[in-house]
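Residue numbering restarts at 1 for every chain, and letters A, B, ... go by the order of the sequence lines. Given the structure is predicted, the values throughout are model-derived calculations rather than measurements.
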Amino acid sequence: MSEKTFYITTPIYYPSDKLHIGHTYCTVATDAMARYKRLCGYDVMFLTGTDEHGQKIEDKAKEAGVTPKEFVDRIVEGERGILDLWKLMNISNDRFIRTTDEYHVRAIQRVFRRMYDKGDIYKGTYKGKYCKPCESFWTESQLVDGKCPDCGREVQDAEEEAYFFRASKYAARVRDLLTTTDFLEPASRVNEMVNNFIDCEGGLQDLCVSRTSFTWGIPVDFDPKHVVYVWLDALFNYMTALGLENDAHNDLDKYWPNAVHFVGKEIVRFHSIYWPAFLMSLDLPLPQKVYGHGWLVMDGGKMSKSKGNVVDPYILAERFGVDALRFFLLRTFPFGSDGNFSNELLINTINVDLANDLGNLVSRSTAMVEKYFGGTLPKLESAENADVELLSMAKALRGRYEAQMEKYQFQNALEEVFKVIQRANKYIDETAPWVLARDEAKRDRLGAVLYNLLETVRICAVLLTPFMPESCEKILDRLGATACERTWESAAVFGALHDGVTVTKGEAIFPRIDAEKELEALQAAQKNAQKPAVELEPYADESVDFDTFCKSDFRAVKVKACDAVKKSDKLLRFTLDDGSGTDRQILSGIHKFYEPEQLVGKTLLAIINLPPRKMMGLESCGMLISAIHYESGEEKLNLIMLDDKIPAGAKMC
RNA sequence: CGCGGGAUAGAGCAGUUGGCAGCUCGUCGGGCUCAUAACCCGGAGGUCGAGGGUUCAAGUCCCUCUCCCGCAACCA
């Protein structure tokens, strides 16, 4: 057994919905890293999983009319669920943890108790204001004029019991960790964390680590009306999966703390501040590194369901192939920063790098061995002038690649490989084997040129294996490479390919894509997979009694003036004539749908007896009524416009 | 002045400790016929967002400003 171990993890994903290309990106990156380390000879543990507790899941399950466990089971294990997706993407994880796994649940309870016994978790009160009719807690800062932001009624001082983690105790050590080591990378994220959460006003706040407002979570065993806050529950997955406080696994000594966590930038805060603090509390060693990668954005905007621009990895993998998609994700975007995803870019990358450069190089090289040598090539070494540059690049490649991989710079590592591939294509032009083939006296030279090509391809294919496992295996099969000609060691040796190797040309490994046709088909497929063209809000199944309904005072109002609230992209401020003789001011978050000047003079419908509410420092007295629906996932909003004949103040009944 | 990121060729991006501005696509011209209409060579195209400063030398360091994007806030 190898003594070098390496532990790498993805975040555990939150199964409240289907996973999208962003999750796939992170998992593929982690997989490539894991495969790379295995290639290098490490004993690798690669963990991924799901974070299944929390209010949102509880709510969604309720909506769907199933238990929370049934709900997450469907997303995790169901058809085209998370497990299916990772299988499709050829993810080589060694373990898959679900936070609902029995061993994890019990381990978290023990961890919670240990931190409590140590005094780092203490029972405190979540101080706030309570609104009896709404049964809601509010913090001081949420209140509007000291009143309930929901209903506007008086609130009372109230305290809800909760457990807190003494994060403040570890603030200095965490700051040190972030600022004096490379625990958190890329370094650009360090300032953000320190400025925002540690050196901010009031310093690092103690973290509330239990909830009583919902039940879908791990109960605190010594105080069962509390459930453990999802982040404490989730972060420890990295260690419970190795056997922390449980007997299901027993690899903690072997793999911890030689661990690297790949996480999205949105959860860097939890991984770089609270996770180390939790571990410090338990006197456990810290992982080696947290790497916060960027997001894939669509045309500059964040991927989101409401924009209808969520990219489904299933569709892409099925159309273009798993390896092509894996390759694209890691080749195109710098791992630490955001990347702009588009179908055009995907197709372009596949065509240029995989079809034209790599695939075509394999084709032309193997074709010539078949054509000129009947498929069996003698090992002929050479060092003519024309060979020098190619050979030295190929020999140096593993080192250059390794340097980038060790920095998690996948795009640079791949760039190094493709420089060599491009050089090999050029080498064919320079040496013109088809010319050599016409002259029997140059047969040895021809053989040497082809051998150099096969060797170059072999080295590149070995190094590309972590990114495209299946395709590289095919390429190496075509070259006739034996097992020991596919190793990490062999990638540093030019001339490893054995004498008399048998080569087969075969079908194109990366067929060229007809961009125009494919883009159309893709758009159709993605649209199809999306929601129906027009989607309506669910119909209410609760009835409202007539008296309650009649309490709502709807009136026709005329827009006297309308302007955008400054510093807000959503709010419009309306000055309205409601017939009373006094202007009424209403704020409405509809700037996305209307420009102020469009609305002046219109007759609209408003409910006027809602309690006033302050937004962005301005008071809103009522609400304008609109109709809402969705088209292709995009929210559409239309104000209810009344006939201008209707006088201001007319009551709707 | 809430926090952070960004602005470099038509598009998308890279530029390490300051040292002749680069890559991919596109475009124009040429070469080759082994190969997947692929491959190779060359040209055109940039006041590096604006202004100021430090320096022999600034895309890079410092200051000011403009615009974009996240987060946060808000969306009755």
Open item on the list: Measuring to OP1 and OP2 of B/C41, would you say a side-chain N or O of A/Lys426 lies under 4.0 angstrom away?
Closed with: yes
Task: Atom P, compared across B/G19 and B/C75: separation rounded to whole Å - done: 50 Å
- [ ] Sort out for me which residue in A/Thr504, A/Leu377, A/Thr376 forms a side-chain contact (heavy atoms from CB on, under 4.5 Å) with A/Glu370.
- [x] A/Thr504
Open item on the list: In this structure, how many angstroms lie between the P atom of B/U36 and the CG atom of A/Leu361, rounded?
Closed with: 13 Å
- [ ] Report which part of the nucleic acid A/Ser363 touches: base, sugar-phosphate, or nothing (heavy-atom distance under 4.0 Å, all strands).
- [x] base
- [ ] Choose from B/U36, B/A35, B/C75 the nucleotide whose nearest atom is closest to any side-chain atom of A/Asn360.
- [x] B/A35
- [ ] Please indicate whether A/Lys442 has more than 12 foreign heavy atoms, meaning atoms of other residues, nucleotides or ligands, lying under 6.0 Å from its NZ.
- [x] no
Task: Spacing of A/Ile428 atom CD1 relative to B/U36 atom P, expressed in whole Å - done: 12 Å
Open item on the list: If I compare all heavy atoms of A/Ile586 with all of A/Met623, which pair ends up nearest, and what's the gap?
Closed with: CD1-N, 3.8 Å
TODO: For B/C39 and B/C62, measure between their C1' atoms and round to the nearest Å.
DONE: 49 Å
Open item on the list: Keeping A/Asn412 on the side-chain end and A/Gln404 on the backbone end, is there a donor-acceptor pair under 3.5 Å?
Closed with: no
- [ ] Look at the rings of A/Phe418 and A/Phe327 and say which category their plane angle falls in: under 30° parallel, 30 to 60° tilted, over 60° perpendicular.
- [x] tilted
Open item on the list: Looking at A/Asn385, I want to see if its CG is surrounded by more than 12 non-hydrogen atoms of other residues, nucleotides or ligands under 6.0 Å.
Closed with: no
Task: Whole-Å distance separating the CG atom of A/Leu454 from the P atom of B/C34 - done: 18 Å
Open item on the list: What contact category does A/Tyr372 fall into here, base, sugar-phosphate, or nothing, at under 4.0 angstrom with non-hydrogen atoms?
Closed with: sugar-phosphate
TODO: Write down the distance between CD1 (A/Ile590) and C1' (B/C74), rounded to a whole number of angstrom.
DONE: 15 Å
Task: Validation row, ring centre A/His293 to ring centre A/Phe333 under 6.0 Å - done: no
Task: Between B/C40 (P) and A/Leu390 (CG): distance, integer Å - done: 13 Å
Just the table, please: protein N/O against nucleotides 21-29 of chain B N/O, every pair under 3.5 Å.
none

Open item on the list: Would you measure the distance from the C1' atom in B/U54 across to the matching atom in B/U64 and give it in whole Å?
Closed with: 15 Å
Open item on the list: Looking at A/Lys651, I want to see if its NZ is surrounded by more than 12 non-hydrogen atoms of other residues, nucleotides or ligands under 6.0 Å.
Closed with: yes
Open item on the list: Looking at B/C39, I'd like to know if its phosphate oxygens (OP1 or OP2) sit under 4.0 Å from a side-chain N or O belonging to A/Asn356.
Closed with: yes
Open item on the list: Please tell me whether A/Lys560 and A/Thr575 have a donor and an acceptor in their side chains that are separated by less than 3.5 angstrom.
Closed with: no
- [ ] May I ask you to say what A/Lys505 touches in the nucleic acid, namely base, sugar-phosphate or nothing, with a heavy-atom cut-off under 4.0 Å?
- [x] sugar-phosphate
- [ ] In whole angstrom, give the distance that lies between atom CD1 of A/Ile586 and atom P of B/C75.
- [x] 14 Å
- [ ] Could you check whether A/Ala355 gets within reach of a base, just the sugar-phosphate, or nothing at all, counting any heavy atom under 4.0 Å?
- [x] base
Using a cut-off of under 3.5 Å, enumerate the N/O to N/O pairs linking the protein to nucleotides 8-16 of chain B.
none

- [ ] State, with a plain yes or no, whether a side-chain heavy atom of A/Met405 is found less than 4.5 Å away from one of A/Leu414.
- [x] no
Check nucleotides 30-32 of chain B for protein N or O atoms closer than 3.5 Å to its own N or O atoms and list the pairs.
unit_1 : atom_1 : unit_2   : atom_2 : d
B/G31  : N2     : A/Asp429 : OD2    : 3.4

Task: Integer-rounded Å distance: B/U33 C1' and A/Asn425 CG - done: 14 Å
Task: Same-atom distance (P) from B/A14 to B/U24, integer angstrom - done: 15 Å
Open item on the list: Using the P atom as the point on both nucleotides, what is the distance between B/C20 and B/G59, in whole Å?
Closed with: 10 Å
Task: Between B/A50 and B/A11 - P atom distance, rounded Å - done: 15 Å
Task: Salt-bridge contact A/Lys407-A/Glu185 (side-chain N to carboxylate O under 4.0 Å) - done: no
TODO: Locate the shortest heavy-atom distance separating A/Ile350 from A/Ala324; write the atom from each residue and the value.
DONE: CD1-CB, 3.8 Å
Open item on the list: Roughly how many Å apart are B/A21 and B/C67, using the P atom of each and rounding to a whole number?
Closed with: 31 Å
Task: Complementary nucleotide for B/G42 - Watson-Crick or wobble, under 3.5 Å - done: B/C28
